[in-house]
Amino acid sequence: MKTKLSLLATAFLLSCAVSLLANDRPHEGKITSIDPDQRVMVVQGEEGDQWILYWTETTKLKSDLTVAELKQGDSVHFDFVEREGKKFLTELRRTHKADKD
């Protein structure tokens, strides 16, 4: 009985640790869609993560980047906060421009 309880406790602790590590990894990915009128973009990470991100006038764009310069396929690194059930960008940096068609 003690062995089963120990195994269950160990499995629980490992699952918690994996979950925490997943939340700590950098937020990076490629823009899959962007709607400047709604101030929203969708970014897909390498692990299949997908974020719907909103920006405001307080979003910091790095390296003199403007929202108008962002295109589908651009790689970005970003930070966000959650408010009202939405993810709002606090900082955005383009790491790679999309290849031209």
Side-chain angles (χ1 to χ4, degrees):
M1 180 72 171
K2 284 185 180 181
T3 304
K4 287 183 180 181
L5 188 57
S6 293
L7 288 173
L8 186 60
T10 302
F12 175 74
L13 289 173
L14 283 174
S15 68
C16 288
V18 169
S19 175
L20 288 173
L21 289 174
N23 289 333
D24 285 343
R25 70 175 181 247
H27 298 109
E28 299 177 320
K30 287 190 178 189
I31 297 173
T32 58
S33 67
I34 187 165
D35 184 346
D37 296 330
Q38 298 294 320
R39 293 183 153 206
V40 64
M41 72 175 69
V42 178
V43 176
Q44 175 126 13
E46 288 183 11
E47 301 293 322
D49 300 347
Q50 194 171 54
W51 299 274
I52 299 172
L53 304 166
Y54 296 84
W55 68 86
T56 67
E57 61 280 345
T58 61
T59 301
K60 294 178 186 172
L61 301 173
K62 297 295 190 170
S63 303
D64 296 324
L65 182 67
T66 65
V67 174
E69 294 174 302
L70 294 170
K71 304 288 182 222
Q72 184 175 345
D74 284 353
S75 296
V76 293
H77 178 91
F78 59 92
D79 294 319
F80 65 87
V81 295
E82 279 196 60
R83 291 190 313 254
E84 304 165 9
K86 295 180 179 179
K87 293 173 177 61
F88 289 90
L89 288 166
T90 55
E91 188 172 293
L92 180 72
R93 178 172 50 98
R94 180 170 54 199
T95 56
H96 183 69
K97 283 185 177 183
D99 295 330
K100 293 184 180 184
D101 290 66

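Fair warning: this is a prediction, and the values are worked out from it, not measured in the lab. Count residues from 1 along the sequence.
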List the atom pairs, donor and acceptor, that lie under 3.5 Å between side-chain atoms in residues 87-98 and the rest of the protein, sequence neighbours left out.
| residue | atom | partner | partner atom | Å |
| --- | --- | --- | --- | --- |
| T90 | OG1 | D79 | O | 3.2 |
| R94 | NH1 | E69 | O | 3.1 |
| R94 | NH1 | D74 | OD2 | 3.3 |
| T95 | OG1 | S75 | O | 3.2 |

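Here Q38 pairs with D35, V40 under the side chain to side chain contact (heavy atoms under 4.5 Å, CB included) rule; sequence neighbours left out. For E57, the salt bridge (charged side-chain N to carboxylate O under 4.0 Å, His left out) test picks out R39, with sequence neighbours left out. With sequence neighbours left out, S63 forms a side chain to side chain donor-acceptor pair (under 3.5 Å) with no residue at all. With sequence neighbours left out, Q72 forms a side chain to side chain contact (heavy atoms under 4.5 Å, CB included) with no residue at all.
Linking Ile, Leu, Val, Met, Phe, Trp and Tyr whenever their side-chain heavy atoms come within less than 4.5 Å puts V81 and V42 in one cluster. Side-chain heavy atoms closer than 4.5 Å link hydrophobic residues (I, L, V, M, F, W, Y) into clusters, and following such links, possibly through other members, connects V43 to V67. Taking hydrophobic clusters as Ile, Leu, Val, Met, Phe, Trp and Tyr residues chained together by side-chain heavy-atom distances below 4.5 Å, V76 shares a cluster with L65.
Across E28 and W51, no two heavy atoms sit closer than the pair O-CZ3, 3.6 Å. Nearest heavy-atom pair across K86 and Y54 is CD-CE1, 3.7 Å.
The distance from the CZ atom of F80 to the CG atom of L53 is 7.0 Å, given to the nearest 0.5 Å. The distance from atom CD1 of I31 to atom CD of Q44, rounded to the nearest 0.5 Å, is 12.5 Å.
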Go through the steps to decide whether W55 and I34 satisfy the test side-chain contact (heavy atoms from CB on, under 4.5 Å), and finish with yes or no. CA-CA 11 Å; W55 68 86; I34 187 165; 4.0 Å; yes

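Within a 6.0 Å radius of CD in E82, other residues, nucleotides and ligands contribute more than 12 heavy atoms.
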